[in-house]
Q: 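The structure that follows is given in the form of structure tokens.
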2 protein chains.
Amino acid sequence: MPATIRDVARASGVHISTVSRTFSAPHLVNPETRGRVLACAEELGYRPNRAARALITGRTHNIGLIIADIANPFFPPLIKAAESQARQRDYHVFVADTNEDPIAEEELVHALAKQVDGVLLCSPRMSNSLIEQLSREVPLVVINRQVAGLPCVTMDVGQGTRAAMEHLLDAGHRRIALLSGPRGSWTSREIRRAAGVAVRAGGGELTVLGPNPPTETGGSALAEQVRRAGVTAVLAYNDLMAIGLIEGLDALGLRVPQDVSVVGIDDITLSRLTRPKLTTVATPTAAAGRTAVDMLLQHDSVATRGARGGGRSGTIDDRRTTAQVMLRTELVIRDSTAAAPADGRHRPDAEVVAPGPHRLAGPGRPTVATGGVVAS
Amino acid sequence: MPATIRDVARASGVHISTVSRTFSAPHLVNPETRGRVLACAEELGYRPNRAARALITGRTHNIGLIIADIANPFFPPLIKAAESQARQRDYHVFVADTNEDPIAEEELVHALAKQVDGVLLCSPRMSNSLIEQLSREVPLVVINRQVAGLPCVTMDVGQGTRAAMEHLLDAGHRRIALLSGPRGSWTSREIRRAAGVAVRAGGGELTVLGPNPPTETGGSALAEQVRRAGVTAVLAYNDLMAIGLIEGLDALGLRVPQDVSVVGIDDITLSRLTRPKLTTVATPTAAAGRTAVDMLLQHDSVATRGARGGGRSGTIDDRRTTAQVMLRTELVIRDSTAAAPADGRHRPDAEVVAPGPHRLAGPGRPTVATGGVVAS
DNA sequence: CGCGATGCTGCAAACCTTTGCAGCCGAAGT
DNA sequence: ACTTCGGCTGCAAAGGTTTGCAGCATCGCG
């Protein structure tokens, strides 16, 4: 039913190759002919079949974006940035969600492999070795994880964690908890490592709780454990968990930040909407999306993996060029952190009280401390 | 570089057609042969090229999902539901975001057309006629809009709006504002229509503000206008706008719900996290996603639009079977609505006061009123 | 007038699969 | 012993496009 290139050729009295060129190499065809072809194409509602084209050129002009959890507000800015960057280069982005499931991740890479020119693997939960293996099937750029030999873009959560911990230590906190993220998360490991050294260096004591699902309910479920741990400050794997934790503490009668200081990571927009507004480590998600698309497109425009185009030669050599980019993070201080309680512990028996002054806190400019930046 | 069916055939000493059948019709090939072929395929890391397969079968086992704004928390549950439903039927979902841009919408449909078996068009902003035209290019299911002759799944926002307005009128509100949504939104028109008749029937007066971008900033930008309108209650096009409006009113010194009652639409999870918790019309987004996938798959499994499979006959006749489903909505009463102020107007000069009792409101079961349900 | 260059178009192979048809072989039925 | 049948496999066309190569005029130049 849909018009093919042949229909157009017949209608305009030229060979199919001329029709093809009209679309893919207009300068090679006589303007007059081209006009006639275009008219017929328009008339018949012809659109090139991208699948057929991909079959021979080896390039689909699509890129796949695999996301751990689309419901996490952390991702949409990244997705949008990737899409707009891709659109500028005449590419389309197909997003797929894995529900934090490593199996689904692998399956999706396979499914996408032949339908896209490359895949952006965002916050993968699978093993490094599997990622490496999959990268032989389709060009991969990894986001939020470092895998040796593959192009990666990560956030410098290590620096962000240090900044957060120093902020808390400066405020007099000594007993600090870390709510870690999901099993398999590179970011979570980085945070944990950095938190460990930073707290120790500051003479504090770190309690690690987890692994946990990186969601709001994952956070609220930890309120009881946080109370029992007797800490005065908490760093959460992400904002969602931090917000959930605040909810949970609230239900337990513990006030934030008077009794417990809470800091999140990501700086999702939601973190500015809750009460108290969340102190958090801002990660440049949009930049990550853009960068990842750039790396992917540069990486495979260099060596077109075309069907005919004479397969790329160096399988090992071009690893030299695979970049690993790490993006700067920033600590944004808002209303969920305060000086440690005088007795050095949160009060175990908080009475019910009208909400504290943070409710009235003005919209003043948030304090900002910068983290590090690295690239290689 | 990637292994093709021919490589496997050579390696296992059979014809390519046997390899093909090993995967697509296993019962037609001798178990012994099949075993050998599978072994070789595994060995070589062979994966069928879905693009090539699609070229001949006419079915890609992909479905496209076009979304107005992926950053709107309304959509993720719909996306996830669609994905899981599709996965059960061995389909993959590709999500694309249009940034509320009608042009991008059209372009995406074209881009997806040949790479998917059908497209779910969610909250489209383009014209009905264009949608109808595009539906001749690829099977379409429309979500959040009714288009004659096309399968649609919508939410009964009309009933939800009526319930919300009755709730407000019962609470003594008479001057009510409606924050309408983006231009081109079917839902927004439905809400406006229903709001008009409901408020008039209740002896109230409706002020319509809009159209507006359906975002948090879109809502907060309207605070000033809402104040000037002198209304005591507001229904917003969606929760995001409602939450933004509450922020904006707060900045103006107007308290919700004491001075102004606010109700949203959608019941996104965020609406339970803000203070005050939002009264809102819950829409069954997950059900919508599932239903839409079902309608699409049923619709085109009936008549395979295969290349060879003898094109479908009835172009008009099968319209009889195109269903239009409308899903039930529910009014969820939380803390952002209250009785109208005694003087019938919000106080124009609110003093700064410690936050009201809604801060302490327990997690009690929300009151629920049911809306209608329709199907044809 | 001849020659090469230039601009445009047609030809046909190739991309990777699926699938209708035909062929082969052994077994079962008559 | 001859047919029939069934199970399995091979053959080749088809699907829609791109692209290197070759052919053909036309044109400019010497």
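Please read these numbers as outputs of a predicted model, since none were measured by experiment. In what follows, chains are A, B, ... by sequence order, proteins preceding strands, each numbered from 1.
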Q: How large an angle, rounded to 10°, do the end axes of the helix from C:dC1-D:dG30 to C:dT30-D:dA1 enclose when each is built from five base pairs?
A: 50°

Q: State the CG-CG distance between A:Leu121 and A:Leu150, to the nearest 0.5 angstrom.
A: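 Reported to 0.5 Å precision, the distance equals 9.5 Å.
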
Q: Nearest whole angstrom, please: distance from the C1' of D:dT18 to the CZ of A:Phe23.
A: 14 Å

Q: Indicate whether OP1 or OP2 belonging to D:dT18 is found under 4.0 Å from a side-chain N or O atom of A:Thr57.
A: no

Q: Less than 4.5 Å apart, any side-chain heavy atom of A:Cys152 and any of A:Ile143?
A: no

Q: May I ask you to check whether A:Thr154 and A:Asn144 show a side-chain donor-acceptor distance below 3.5 Å?
A: no

Q: Taking only N/O atoms, report every protein-nucleotides 5-11 of chain D pair under 3.5 Å with atom names and distance.
A:
from: D:dT9; atom 1: OP1; to: B:Thr33; atom 2: OG1; distance (Å): 2.3
from: D:dT9; atom 1: OP2; to: B:Asn30; atom 2: N; distance (Å): 2.9
from: D:dG10; atom 1: OP2; to: B:His15; atom 2: N; distance (Å): 2.9
from: D:dG10; atom 1: OP2; to: B:Thr18; atom 2: OG1; distance (Å): 2.7
from: D:dG10; atom 1: N7; to: B:Ser17; atom 2: OG; distance (Å): 3.4
from: D:dG10; atom 1: N7; to: B:Arg21; atom 2: NH2; distance (Å): 2.9
from: D:dG10; atom 1: O6; to: B:Arg21; atom 2: NH1; distance (Å): 3.4
from: D:dG10; atom 1: O6; to: B:Arg21; atom 2: NH2; distance (Å): 3.1
from: D:dC11; atom 1: N4; to: B:Ser17; atom 2: OG; distance (Å): 3.4

Q: Measuring only between side-chain heavy atoms, which start at C-beta, is A:Gln324 closer than 4.5 Å to A:Val147?
A: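 No; the side chains remain at least 4.5 Å from each other.
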
Q: Heavy atom of residues 39-53 of chain B under 4.0 Å from DNA chain C: which residues?
A: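 Going residue by residue through residues 39-53 of chain B, the ones with a heavy atom under 4.0 Å of DNA chain C turn out to be B:Tyr46, B:Arg47, B:Pro48, B:Asn49, B:Ala52, B:Arg53.
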
Q: Applying salt bridge (Lys or Arg N to Asp or Glu O under 4.0 Å) as the test, list every pair that has at least one member in residues 77-94 of chain B; sequence neighbours left out.
A: A:Asp69-B:Lys80, A:Asp97-B:Lys80, B:Arg89-B:Asp294

Q: B:Arg53: which residues meet the side chain to side chain donor-acceptor pair (under 3.5 Å) condition with it, sequence neighbours left out?
A: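 Scan of B:Arg53 (side chain to side chain donor-acceptor pair (under 3.5 Å), adjacent residues dropped) gives none.
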
Q: Just how far is it from atom CZ of B:Phe94 to atom CD of A:Gln115, taken to the nearest 0.5 Å?
A: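 Answer rounded to 0.5 Å: 4.5 Å.
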
Q: More than 12 heavy atoms of other residues, nucleotides or ligands under 6.0 Å from CD of A:Gln146: is that the case?
A: yes

Q: In chain order, what residues pass the side-chain contact (heavy atoms from CB on, under 4.5 Å) check against A:Ile16, with sequence neighbours excluded?
A: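 Partners of A:Ile16 under the side-chain contact (heavy atoms from CB on, under 4.5 Å) test: A:Ile5, A:Arg6, A:Ala9.
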
Q: Is the shortest heavy-atom distance from the side chain of B:Val138 to the side chain of B:Leu112 under 4.5 Å?
A: no

Q: Please examine the side chains of A:Arg34 and A:Phe23, heavy atoms only from C-beta on, and report whether any two atoms are closer than 4.5 Å.
A: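 Contact flag for A:Phe23/A:Arg34 side chains = no.
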
Q: Does C:dC16 have OP1 or OP2 under 4.0 Å away from a side-chain N or O of B:Thr4?
A: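 No, no such contact exists.
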
Q: Ignoring the backbone of A:Leu55, work out which of D:dT18, C:dC15, D:dT17 is nearest its side chain.
A: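 Minimum distance to the A:Leu55 side chain belongs to C:dC15.
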
Q: In this structure, how many angstroms lie between the C1' atom of D:dT17 and the CD1 atom of A:Ile5, rounded?
A: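 In whole Å, D:dT17 C1' and A:Ile5 CD1 are 6 Å from each other.
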
Q: Give the rounded distance in Å between these two atoms: CD1 of A:Ile56 and C1' of C:dT17.
A: 15 Å

